[in-house]
Q: 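Below is a structure I'd like to ask you about.
Along the sequence shown, residues are numbered consecutively beginning with 1. All values reported here derive from a predicted model rather than from experimental measurement.
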Amino acid sequence: MTWSFETDPEFEQQLEWMRGFVREEIFPLETLDLDWFSYREIIKPLAAEVRERGLWAAHLGPELGGQGFGQVKLGLMHEILGGSELAPPIFGNQAPDSGNSELIALAGTEEQKQRWMLPLLDGTLYSAFSMTEQGTGSDPRQFTTSAVRDGGEWVINGRKWMVGNAKNSDFHILMARTDDSSDGDPYKAMSMFIVPTDANGVSVRQLGLMHDPDSRGPVHTHGEVTYDEVRIAAENLLGGEGEAFALAQARLGPGRIHHCMRWVGVCRRAFDALCERAVSKSVHGGVLSEKQTIQNWVADSAAAMEAAKLLTLRAAWRMDEEGAKAARIEIAMIKYYGATVMHDVLDRAIQIHGSLGYSTDMPLEEMYRWARAARFYDGPDEVHRMTVARRILRQYTPRELPTEHVPTRRELALAKYGEQLEAINGRLATAP
């Protein structure tokens, strides 16, 4: 199968504008003491510029106010936005809002789109994706949060863990169990719901994280959400009953591509810092860039970053051409491969800066702490590796003797070419 990542020259001009815009307008914001509210006020003029360039909410189609970019173009955009955690909201494609808007576009009623999706796209509402439960690992079949139909309402009870944007959102998209029968299909036992954050019975406990121990992040904070006898209207069911697993996969596939390309952007920024340090500082009579170990770091980082980028773009291309299901192996690969590359490049960048890299005078230490979560959110690396290995191994058949067993191959070759070889040898034996 042929494949191509080519984009038009006009789009490359947009990408070049984005590179300068992120570097000159967004990077400086990182040095300011911004909370969730002041950040959203200060970025309004920047978001207006993005809208004027036609790059706002580019993940959705024009009929929904976006550009209808495919995953390849979105991936190239997210590589640039990945340079700063503050960049995606300025372009209207930050998690979890971008994935949630896609989910409502896919499964929502017209009323749900008008009430929740369009304001979400416009940046006047914010959302959370409430799926994970503490102690269930990567197996959502163990979820216990329930939704029970009671007349014209659903009654929700349970607790969700590590919900991004839980406190500052206007609504949650919640995955809850609607079929508790022991003999039912476990993959059709869950449903999705739109739950207003201010509904009676919804409470949030803020969580400190490795990169944000005080839960003061200007883009995201995370929380543990308790749903205690929460009543929502029956029409807040998103999609059909039992469709949550299918909807979650439809949402998470594109999201993983965006994550992984943002990780390439993180790598690029750390790599630039590494290389700048290498040519700037001297030890033991020569600049760092002349030392073999440093040269190995530069060469290995460059190759790994390029491999991660190309692998991710191939997954994006296949999703554009054949859909998320066909790209499942590639999407799983980029998740565990990209996370490892990001960790290694950041680690080298900190190491070459020494104590300066370890200090808050450089952004590397925070980037390193932030990056650690990449190995388990949206599914731990171990599960993605298992998925890839199982799907690949299905293509192989057990054999008593290996296919490459030389004696067996020789026997087959003689059966195929024996007479011809015997004739050739006979002519050679009688030749003068």
Q: For residues 381-400, which residue pairs pass the ring-ring contact (aromatic ring centres under 6.0 Å, His included) check, not counting sequence neighbours?
A: none

Q: Glu241: which residues meet the salt bridge (charged side-chain N to carboxylate O under 4.0 Å, His left out) condition with it, sequence neighbours left out?
A: none

Q: Just list the side-chain donor-acceptor pairs under 3.5 Å for residues 72-85, sequence neighbours left out, or say none.
A:
from  : atom 1 : to     : atom 2 : distance (Å)
Lys73 : NZ     : Asp8   : OD2    : 3.2
His78 : ND1    : Arg262 : NH1    : 2.9
Glu79 : OE1    : Lys309 : NZ     : 3.2
Ser84 : OG     : Glu30  : OE2    : 2.7
Ser84 : OG     : Leu86  : N      : 3.2

Q: So, Arg159 and Glu133, do they make that salt bridge, N to O below 4.0 Å?
A: no

Q: Excluding sequence neighbours, so at least two apart, what forms side chain to side chain donor-acceptor pair (under 3.5 Å) with Thr109?
A: none

Q: With sequence neighbours left out, what residues match Arg409 under salt bridge (charged side-chain N to carboxylate O under 4.0 Å, His left out)?
A: Glu404

Q: When the ring centroid of Tyr368 is compared with that of His343, is the distance short of 6.0 Å?
A: yes

Q: Residues two or more places apart in sequence or in another chain: which of them pass side chain to side chain donor-acceptor pair (under 3.5 Å) with Glu12?
A: Arg19

Q: Name all pairs fulfilling the ring-ring contact (aromatic ring centres under 6.0 Å, His included) condition that reach into residues 180-206, sequence neighbours left out, sorted by first residue then second.
A: Trp154-Phe193, Tyr187-Phe245

Q: Tell me, which pairs form a ring-ring contact (aromatic ring centres under 6.0 Å, His included) where one or both residues lie in residues 110-145, sequence neighbours left out?
A: Trp36-Tyr126, Trp116-Phe171

Q: Does the pair Glu49/Arg53 count as a salt bridge with the N-to-O cut at 4.0 Å?
A: no

Q: Looking only at the side chains, is there a donor atom on one of His353 and Ser359 sitting less than 3.5 Å from an acceptor on the other?
A: no

Q: Roughly how far, to the nearest 0.5 Å, is CH2 of Trp370 from CG of Leu346?
A: 9.0 Å

Q: For His222, enumerate each residue passing the ring pair (Phe, Tyr, Trp, His ring centres under 6.0 Å) test, keeping only those at least two apart in sequence or located in another chain.
A: none

Q: With sequence neighbours left out, write down each residue that passes side chain to side chain donor-acceptor pair (under 3.5 Å) with Glu243, or none if nothing qualifies.
A: none

Q: Please enumerate all residues that pass side chain to side chain donor-acceptor pair (under 3.5 Å) together with Arg391, with sequence neighbours excluded.
A: none

Q: Would you mind listing every salt bridge (Lys or Arg N to Asp or Glu O under 4.0 Å) that reaches into residues 98-124, with sequence neighbours excluded?
A: Arg51-Asp122

